[in-house]
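Throughout, protein chains are lettered first and strands after them, A, B, ... in sequence-line order, and every chain is numbered starting at 1. The figures that follow rest on heavy atoms only: side chains count, while hydrogens, waters and symmetry mates do not.
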Amino acid sequence: MSVQNGFGVISKKFAGEVFRAREHRFLQFTSALLEYTVMNAISLLAQLAPAPRASWAPVVLMILIAIGFAAANLVLSIIIGPRRDGPGKSQTYESGMVPIGDTRKRFNVRFYIVAMIFLVFDVDIIFFYPFCTIFPQTVLKQHALAGPMLVEMILFVVLLLVAYFYAWGKGVFKWD
Amino acid sequence: MIEFFQEHPWIIIALVAHGAVLGTVAYLILLERKTASWVQDRIGPNRVGPWGLLQPIADGLKFILKEDYRPASADKVLFSLAPCLMIIVIIISIAVLPWGGEHQVTRTIDVTGQTDARLAAISHVPSVGVMVGEPKIEQIAATTDAGEVMAPARTLATVTYRYPFQIAKLNIGVLFILGVLSLAIYGVVLGGWASNNKFSFLGALRATAQMVSYEIPLGLSVLCIVIMFGTLDLGEIVEKQVSYWGHVIPAWNVFTQPITFLMFLICIHAEANRAPFDLAECEQELVGGYHTEYSSMRFALFFLAEYAGMITTSAVCVALFFGGWHIPWLDKIWPALSGGVDPTNPSITTSLTVCLIRTFAFFTKTVAIIFIFMWVRWSLPRFRFDQLMMLAWRALIPMSLAMLMVTTLVVYYFGTEGNRAYMRVGGKMAVALMIGNVAVLAGTMFISKLLPAPPETNRRVRVIGSRFNRTSVAAG
């Protein structure tokens, strides 16, 4: 036995006696909500005018200016500056001592954890940008989707908070 | 040649802005030293030129004349690439700052002999410009001395157009700045890693963790403003703030979102790696941090990038919270200053003078914010690393998330009232936002009392006999 929903067939895992009616209703509801949202979002996105005046040529010019500035400064100081070398001078600075060991060793794992948790949050924040640009216009037009958009964003933030408090509970935000 | 620059006005703006920003950076270093001397009650640099005004030039020359040394164990390519990358991304990030609003130009173009005079006239409008009205086309019959009409007659077209007085007008504006500025982390990491020095490496690690952590509340507090107006374009966000509540209070976001502004200010301090967040280069622990091994121009590039980054982030702060180029109350006397903004009054034009005055206002506000940076640097002691990270992860991120949700709710409930058709913040919405800000602050203070304090937190020790505790002097 397989169950039909908005997206077609749910996997066989849920079929049979194990599958409960409540879950079935929940899945049907969420998939219908998703379909409704996606279809409406497409129509909403289509209303947004493209930016006719946006131009990337100035940015390219800025990149060229910046590269030119950086390269010119480096080359200038290499040409003009003096050049004296020596065995002691070329050593790595370590407060005047002879350097001990290698620099590129293992370091505290907390930095990795920060990087990982940052990725989670930063990718989540990227989702806020389209929401924040479309939402005020949706509210202004009194579009039927404004309410569902708000509810979905609150759900999204709740999910984000679950991850946040999980990380807090695991001691990610403890430095000692 | 002049025609080419008239059709591509952003070329001149880009060159001038680039020069102005880097020139300002040189003088910001002098301002920093003067501020330090003012805070510490001394005179500061006063040898090179009057009041030390030539000091930045002397510094620049000195940087070029010094030896650009690279230690033997450093990575050859990355060691040079890191400072270049840093200054490149910072220079690119000034591209979308809205310096002077919109500039309206009326030009008369000779379109004699063109099959379609209108199309020929429109082709002279810059690609970033937008036409105001239709081009006026008139035939001028040139006459000889005898009064005979010469053929063919000349055709002149008069076009009026507006173009943004900024380098690039991108519809992703502030997202572009945040994205480009976050690339500056690569400069720090590569610099620290390539130096093959333990101090540099640790400094780079700390800087990365710090910049990465503070980027989240930074992005969230920017979003609080974005959701009020529904645009990412900084120029448009500035234009929405050019109005008044009750004809007196300028409709700047700093009044409706004071807590967001404070969070943003803290985050840009941390992003700039400056005191009290300068863990990455604290002299007492890490010598020079990620630029310990750098000298001469490569070091100067790091230094320039730090200050230029401050200009960019402060300018974004001004555009988001302080009305950008808006000069409050002056535009009541001289309406042209707010020209090009009010859709109900299209007759107001904006000349080059107005644009330059606005640019000056924008720049003055930016320097004022930078002065706060310096004031803070010379007044506050440095954080400990755990305090720094806890401030970001345990305070700023939940607060800014709450702030975003509060703003979303306010936009949902008050998003249709007042002058909202033009996406301006009406009176009710402003009051609701202010109440929301206070509520978030109160909620944070309340919850922070409930949270168990970490065991190693610094505790307040009673200082007996100090000026804060006179009674115990009398008792003891």
Can you say whether Leu161(A) sits under 4.5 Å from chain B via the side chain, the backbone, both, or neither, judging by heavy atoms?
-> side chain
Specify the closest pair of heavy atoms between Arg394(B) and Trp168(A), including all atoms of both residues, with the distance to one decimal.
-> NE-CZ2, 3.4 Å
Measure the shortest side-chain to side-chain distance between Val59(A) and Ile167(B) over non-hydrogen atoms and say whether it is less than 4.5 angstrom.
-> no
Mind ranking Val226(B), Asp233(B), Leu202(B), Thr407(B) by heavy-atom pairs under 4.5 Å with chain A and telling me who comes out on top?
-> Val226(B)
Heavy-atom contact with chain B under 4.5 Å, split by part of Leu61(A) = side chain
Checking side chain to side chain contact (heavy atoms under 4.5 Å, CB included) for the pair Leu150(A)/Leu409(B): CA distance, chi angles, key distance, verdict?
-> CA-CA 8 Å; Leu150(A) 180 71; Leu409(B) 285 176; 3.9 Å; yes
Evaluate the side chain to side chain contact (heavy atoms under 4.5 Å, CB included) criterion for residues Val212(B) and Phe121(A): first the C-alpha distance (whole Å), next the side-chain angles of each, then the deciding distance (0.1 Å), finally the verdict.
-> CA-CA 10 Å; Val212(B) 143; Phe121(A) 275 86; over 6 Å; no
Residue pair Ile125(A), Leu223(B): steps toward the side chain to side chain contact (heavy atoms under 4.5 Å, CB included) verdict = CA-CA 9 Å; Ile125(A) 284 170; Leu223(B) 281 171; 4.0 Å; yes
So, the part of Leu119(A) with a heavy atom under 4.5 Å from chain B: the answer is neither
Side chain to side chain contact (heavy atoms under 4.5 Å, CB included) between Met389(B) and Val114(A), intermediate numbers included = CA-CA 9 Å; Met389(B) 298 305 272; Val114(A) 169; 3.9 Å; yes
Region of Thr292(B) in contact with chain A, defined by heavy-atom distances below 4.5 Å = side chain
Please state whether the rings of Phe135(A) and Tyr412(B) are parallel, tilted or perpendicular, taking 30° and 60° as the class boundaries.
-> parallel
Please flag which part of Ile63(A) lies under 4.5 Å from any non-hydrogen atom of chain B: side chain, backbone, both or neither.
-> both
So, Asp68(B) and Ser77(A): side-chain donor and acceptor under 3.5 Å apart, yes or no?
-> yes
Are Cys132(A) and Leu404(B) side-chain neighbours, meaning at least one heavy-atom pair lies under 4.5 Å?
-> yes
When you measure from the side chain of Glu67(B) to the backbone N and O of Arg84(A), does any donor-acceptor pair fall under 3.5 Å?
-> yes
Taking all atoms of both residues into account, what is the closest heavy-atom pair of Leu232(B) and Thr133(A), and its distance?
-> CG-CG2, 3.6 Å
Can you find a pair of side-chain heavy atoms, one from Leu22(B) and one from Phe69(A), that are under 4.5 Å apart?
-> yes
Where is the tightest heavy-atom contact between Ala14(B) and Met62(A), given as atom of each residue plus distance?
-> CB-SD, 3.8 Å
Non-hydrogen side-chain atoms of Ile154(A) and Met405(B) separated by less than 4.5 Å | yes
Whatever's closer than 4.5 Å to a heavy atom in chain A on Leu304(B) counts as side chain
Aromatic rings Phe111(A) and Phe385(B): how do their planes relate, parallel, tilted or perpendicular, breaks at 30° and 60°?
-> tilted
Are any non-hydrogen side-chain atoms of Tyr129(A) and Ile172(B) less than 4.5 angstrom apart?
-> no
Less than 6.0 Å separating the ring centroids of Phe118(A) and Trp393(B)?
-> no
